[in-house]
There are 2 protein chains.
Amino acid sequence: MSFNEAFKAIADPNRRKILSLLKKGDLTAGEIAEHFDMQKPSVSHHLKILKQADLVEDRRVGQHIYYSLNTTVFQDLMSWFYDILQKEGDES
Amino acid sequence: MSFNEAFKAIADPNRRKILSLLKKGDLTAGEIAEHFDMQKPSVSHHLKILKQADLVEDRRVGQHIYYSLNTTVFQDLMSWFYDILQKEGDES
DNA sequence: TTAATATTTAGAAATTTGTCTAAATATCTA
DNA sequence: TAGATATTTAGACAAATTTCTAAATATTAA
């Protein structure tokens, strides 16, 4: 079910920015929030949507919650694009 | 400006279905509508959003309007995914 | 020109989404 | 245990989205 959820999740530019930030390494919720003008609860909401779409994972370390990319679903999304770009009848 | 528009456009499952249908060849608005339970004006609305995102092109042929895929923006979207999946420090 | 067909536009209604503030929960440290 | 810090949850609200029906536009054919 998370294929559609993932497409919806990446539709928001703030969430895409979060994913780009995480590309460079894991970050805590607070560190992520520092990169935005939004309030922290809003960032937390976006993180929740990314988590539900299986695009990120979280783990608690003391007071902090670290977020990291989960690349497995990205593969699925890319496959959809790849399939669209295949020409008709191209069996390769 | 159509990078974000394109991501929003593909967030809707009906619109992704339209794109998949067009992969197999150009179709008129009416032919596309036949594949959906929605009313035609709703399909027309989705086609408009895809067109504004530069994901499809249209051309009139008599009474019909044919829609076709425009793959150039797909390349840009895929690049974003590709970039996310690159490991940090991987300069290759 | 009139009627039929194909498609879009306009406008309304219901749902979803993104953001905020206030409050709750979890953890650490004194 | 009490206070400070990190984060999420709850609930409200405005804006955006999706769908519908009715009407408008464009084209063809009689």
Side-chain angles (χ1 to χ4, degrees), chain A residues 1-22 25-70 73 77, chain B residues 1-22 25-70 73 77:
Chain A
M1 221 302 273
S2 78
F3 185 75
N4 185 50
E5 263 179 313
F7 269 113
K8 286 195 170 183
I10 61 168
D12 181 87
N14 289 319
R15 291 193 290 264
R16 286 200 304 280
K17 183 175 169 184
I18 290 173
L19 295 171
S20 290
L21 289 170
L22 292 176
D26 300 355
L27 295 172
T28 68
E31 288 169 335
I32 292 167
E34 285 172 11
H35 291 82
F36 293 90
D37 288 336
M38 283 179 284
Q39 298 305 310
K40 282 178 184 175
S42 301
V43 175
S44 183
H45 172 69
H46 287 305
L47 288 169
K48 185 178 187 177
I49 287 169
L50 289 170
K51 196 166 62 175
Q52 285 173 339
D54 276 336
L55 291 166
V56 304
E57 292 170 346
D58 64 343
R59 65 181 191 286
R60 179 176 279 278
V61 178
Q63 287 167 294
H64 299 269
I65 297 180
Y66 276 89
Y67 282 86
S68 56
L69 279 184
N70 176 10
V73 176
L77 300 182
Chain B
M1 218 304 271
S2 78
F3 184 75
N4 187 50
E5 263 179 315
F7 269 113
K8 284 195 172 185
I10 62 168
D12 182 87
N14 290 318
R15 290 194 290 264
R16 285 199 305 279
K17 183 175 169 183
I18 291 173
L19 295 172
S20 290
L21 288 169
L22 293 176
D26 300 355
L27 295 171
T28 68
E31 287 168 336
I32 292 167
E34 286 171 10
H35 290 83
F36 292 91
D37 288 335
M38 280 178 288
Q39 298 306 310
K40 282 178 186 175
S42 301
V43 174
S44 183
H45 170 71
H46 286 304
L47 288 169
K48 185 178 187 178
I49 286 168
L50 289 170
K51 196 166 63 174
Q52 286 173 339
D54 277 335
L55 290 166
V56 303
E57 291 170 346
D58 65 343
R59 65 181 190 286
R60 178 177 280 278
V61 178
Q63 286 168 295
H64 300 270
I65 296 179
Y66 276 89
Y67 283 87
S68 56
L69 280 185
N70 176 12
V73 176
L77 300 181

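Hydrogens, waters and symmetry mates play no part in the numbers below; they use all other heavy atoms, side chains included. Chain A is the first sequence line, chain B the second, and so forth, proteins listed ahead of strands; every chain is numbered from 1.
At least one donor-acceptor pair under 3.5 Å links the side chain of A/Thr28 to the backbone N or O of A/Glu31. In this structure, A/Asn70 contributes its side chain and A/Asp54 its backbone to a donor-acceptor pair below 3.5 Å.
Looking at heavy-atom distances under 4.0 Å, A/His46 makes contact with sugar-phosphate atoms alone, never a base. Contact annotation for B/Tyr66: no contact, since no heavy-atom pair falls under 4.0 Å across all strands.
Counting all heavy atoms, side chain and backbone alike, A/Ala11 lies closest to B/Ala11 at CB-CB, 3.6 Å. The nearest pair of heavy atoms linking B/His35 to B/Lys17 is O-NZ, 2.8 Å.
Counting to the nearest Å, the C1' atom of D/dT18 and the NZ atom of B/Lys48 are 14 Å from each other. The CG atom of B/Leu47 sits 15 Å away from the C1' atom of D/dT19 (whole-angstrom rounding). With rounding to whole Å, B/His45 atom NE2 is found 7 Å from D/dT17 atom C1'.
Between A/Arg15 and A/Leu55, the closest side-chain pair of non-hydrogen atoms is not below 4.5 Å.
Toward the 5' end of DNA chain C, the nearer of the two residues A/Lys40 and B/Lys51, judged by each one's closest nucleotide, is B/Lys51. Along DNA chain C, the nucleotide closest to A/Asp37 and the one closest to B/Ser42 are compared, and the more 5′ of them pairs with B/Ser42. Between A/Val43 and A/Gln63, it is A/Gln63 whose nearest contact on DNA chain D lies nearer the 5' terminus.
For DNA chain C, the contact window with chain B, defined by any atom under 4.0 Å from a protein heavy atom, covers C/dT5 to C/dT9 in 5' to 3' order.
Closest contact between the side chain of B/Arg15 and the listed nucleotides D/dT18, D/dT19, D/dT27 involves D/dT18.
Between A/Tyr66 and A/His64, the ring planes are tilted. Angles from 30° to 60° get that label.
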